[in-house]
Amino acid sequence: IQADEEGRERKQVEASRQRQPRQNESQACKAVGVSPATVDIEAPAHEFRYERALPGDKRLSKVVTIAKSKKFRDRHGQVLLEGQRLLTDALDSGAVLQTLFFSRVDYLKEFPPDKLRKTNLIKVNFENIKIWSDLVTPQGLMGIFAKPDHVKMTYPDTQTKHTLPLSLICDNIRDPGNLGTILRCAAGAGCSKVLLTKGCVDAWEPKVLRAGMGAHFRLPIITSLDWDIVPNYLPAGTKVFLADNFRPDNQNKPAEVSEKASDYGWVATDPKRIFITEDGYESSSDEEDNTDKLYIPGLEVQSYFERWAQGPCAVVIGGETHGLSIESLLLAEKSNGKRLNIPVVPGIDSLNSAMAASILLFEGKRQIENTMKRKSCVTE
Ligand SMILES: C[S@@+](CC[C@H](N)C(=O)[O-])C[C@H]1O[C@@H](n2cnc3c(N)ncnc32)[C@H](O)[C@@H]1O
């Protein structure tokens with residue numbers, strides 16, 4: 001297919017040159033500022049001017065390698081996206097495509113021409129894309145975008161029409177597959193936004209993008225937040241609820257009578273921390289070290305299926321290793337929130353964070369929609 005296409009393109013080029021003598025190769029080269037050896041001339045059918053990467057051209061590999069590093073993404077404010085669907089979603093949301101690597105000219109026709117006008121277009125061999133692709137079935141399209149800014153982005157009407165007063169806060173989610181799955185789930189549940197605190201994996205890392213399946217362009221994702229500014233991103237009056245797993249040895253106690261923070265999994269994973277219960281300081285491991293003392297509020301725990309999602313609310317999902325942070329607990333306490341537990345059978349320590357997120361977000365959706373239905377019945 002590749003060879004056929006390249007042959008066809010060559011013929012188009014020749015035909016174009018005969019029809020429009022001004023389109024000679026050196027002019028085309030001048031226009032794109034590269035040496036004649038690396039340039040292809042305008043493809044008349046699509047009105048795109050593009051470069052052709054010749055064998056040994058290292059631009060794609062270089063770009064992909066650096067775009068896969070968070071340091072690079074942060075320093076240059078660029079991200080790498082792959083595949084027709086993701087690129088289209090990104091363009092639709094207003095993201096700026098700076099460079100597009102493609103293996104077939106036909107693919108360009110799938111994009112609105114005005115979106116590609118200022119894009120540096122580089123045709124590469126499909127084999128090259130295959131080497132660098134992060135997808136199981138590479139699609140022959142990779143684009144370098146300016147890192148999307150949630151303030152400037154627009155989201156699809158179909159999504160915004162179904163948005164609920166429900167936000168998600170990710171607390172130290174480090175696994176890219178989990179974060180991508182959580183973002184996809186938040187988009188599916190109609191969350192109004194996702195807040196990622198510092199310590200979460202970068203939302204623009206290729207594996208997160210792959211698992212997110214376009215969620216990045218369906219709802220605002222606000223990254224690298226310090227806990228003290230999290231409330232600034234929540235609507236006034238938002239109640240913060242914590243997804244909280246119990247330790248199996250705690251399962252036989254009713255949640256309400258379980259007062260000690262150290263009864264919960266997230267404490268056990270960080271023995272250095274010192275916790276305080278209602279009656280004052282309580283050290284967990286090192287009596288000498290007082291620098292780490294923290295106040296743990298006694299927050300009420302309830303099962304996730306009891307009513308909690310009424311007004312604006314946010315759910316915090318804890319990280320895979322450390323669970324919920326103290327900061328999340330303090331925020332929940334301040335907002336009059338609670339802990340939400342998904343009861344699991346004895347012997348099961350906890351659920352995967354993405355699974356817990358999906359159960360809680362869809363329960364939140366169900367509860368909010370029921371309240372809305374009830375309200376609309378009353379007004380009718
Ligand atoms: C894998 S768990 C964290 C396990 C961690 N080692 C601990 O001890 O807390 C990841 C997160 O998913 C959520 N989660 C897991 N199981 C849950 C459950 N049964 N009920 C509510 N949330 C749960 C919590 O937010 C938890 O912090």
Side-chain angles (χ1 to χ4, degrees), residues 166-186 189 191 194-201 208 211 225 227 230 239-256 258 260-275 284-285 294 296-297 299-309 313-333 335 337-367:
L166 176 63
S167 309
L168 174 69
I169 304 173
C170 293
D171 180 3
N172 231 343
I173 301 289
R174 296 186 178 208
D175 180 86
N178 271 347
L179 183 61
T181 310
I182 289 173
L183 296 178
R184 188 178 177 185
C185 169
C191 284
V194 181
L195 307 181
L196 305 185
T197 57
K198 277 190 179 151
C200 288
V201 60
V208 181
L225 295 176
W227 276 101
V230 166
K239 276 193 179 185
V240 176
F241 294 90
L242 307 175
D244 196 355
N245 53 297
F246 291 103
R247 284 152 62 100
D249 52 15
N250 204 31
Q251 291 283 318
N252 51 358
K253 289 188 199 170
E256 293 75 16
S258 178
K260 284 175 61 193
S262 50
D263 282 343
Y264 300 95
W266 47 265
V267 174
T269 56
D270 194 353
K272 265 193 161 162
R273 283 185 172 168
I274 297 174
F275 300 97
S284 65
S285 58
L294 292 162
I296 298 292
L299 268 189
E300 199 184 315
V301 187
Q302 69 169 61
S303 285
Y304 78 102
F305 47 76
E306 290 167 43
R307 203 143 171 240
W308 54 273
C313 52
V315 172
V316 183
I317 298 292
E320 302 83 358
T321 317
H322 298 291
L324 293 164
S325 65
I326 302 303
E327 292 84 352
S328 71
L329 217 97
L330 295 171
L331 183 63
E333 186 202 31
S335 75
K338 291 182 183 173
R339 294 168 167 175
L340 303 175
N341 178 249
I342 305 161
V344 291
V345 300
I348 301 289
D349 198 27
S350 64
L351 297 173
N352 159 285
S353 46
M355 292 296 125
S358 79
I359 293 171
L360 294 179
L361 291 180
F362 279 90
E363 175 61 15
K365 175 182 185 328
R366 190 190 70 79
Q367 294 188 12

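Counting convention: from 1, in listed order, for ligands and their atoms alike. Bear in mind that the values here come from a model prediction, so they are computed numbers and not experimental data.
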- For Leu324, take its heavy atoms, then give the atoms of ligand 1 lying under 4.0 Å from any of them.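 Near Leu324, the atoms of ligand 1 are 27 (O).
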- Message: With heavy-atom distances below 4.0 Å as the criterion, list the atoms of ligand 1 near Ile342.
- Response: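 Every atom of ligand 1 under 4.0 Å from some heavy atom of Ile342: 18 (C), 19 (N), 20 (N), 21 (C).
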Geometry only, no angles: is [X] polar-contacting ligand 1 at N/O separations under 3.5 Å?
X	answer
Ile317	no
Val344	no
Asp244	yes
Gly318	yes

- Task: Compute the minimum heavy-atom distance from Leu340 to ligand 1 and say whether it is under 4.0 Å.
- Result: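 It does; at least one heavy atom falls under 4.0 Å.
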- Query: Would you call Gly319 a ligand 1 contact, heavy-atom distance under 4.0 Å?
  - Reply: yes
Location of contacts on [X] toward ligand 1, heavy atoms closer than 4.0 Å:
X	answer
Asp171	neither
Glu320	backbone
Ala356	side chain
Thr321	backbone

Looking at [Y], is its backbone amide N or carbonyl O close enough to the side chain of [X] to form a donor-acceptor pair, meaning the two atoms are under 3.5 Å apart?
X	Y	result
Thr197	Cys170	yes
Glu320	Asp175	yes
Ser358	Cys185	no
Gln367	Glu306	yes
Asp171	Gly319	no

- Task: List the steps, then state whether side-chain contact (heavy atoms from CB on, under 4.5 Å) holds for Trp308 with Glu363.
- Result: CA-CA 9 Å; Trp308 54 273; Glu363 175 61 15; 4.0 Å; yes
- Please work out which of Asn245, Asp175, Asn172 has its closest non-hydrogen atom nearest to atom 26 (C) of ligand 1.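 It is Asn245 whose heavy atom sits nearest to atom 26 (C) of ligand 1.
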- Heavy-atom check, side chain of Ile169 versus side chain of Ser328, under 4.5 Å: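 No, every pair of side-chain atoms sits at 4.5 Å or beyond.
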- Task: Answer whether the closest heavy-atom distance between the side chains of Tyr304 and Pro343 falls below 4.5 Å.
- Result: yes
- Quick one: which of Val194, Leu360, Leu183 gives a side-chain contact (heavy atoms from CB on, under 4.5 Å) with Leu168? Val194
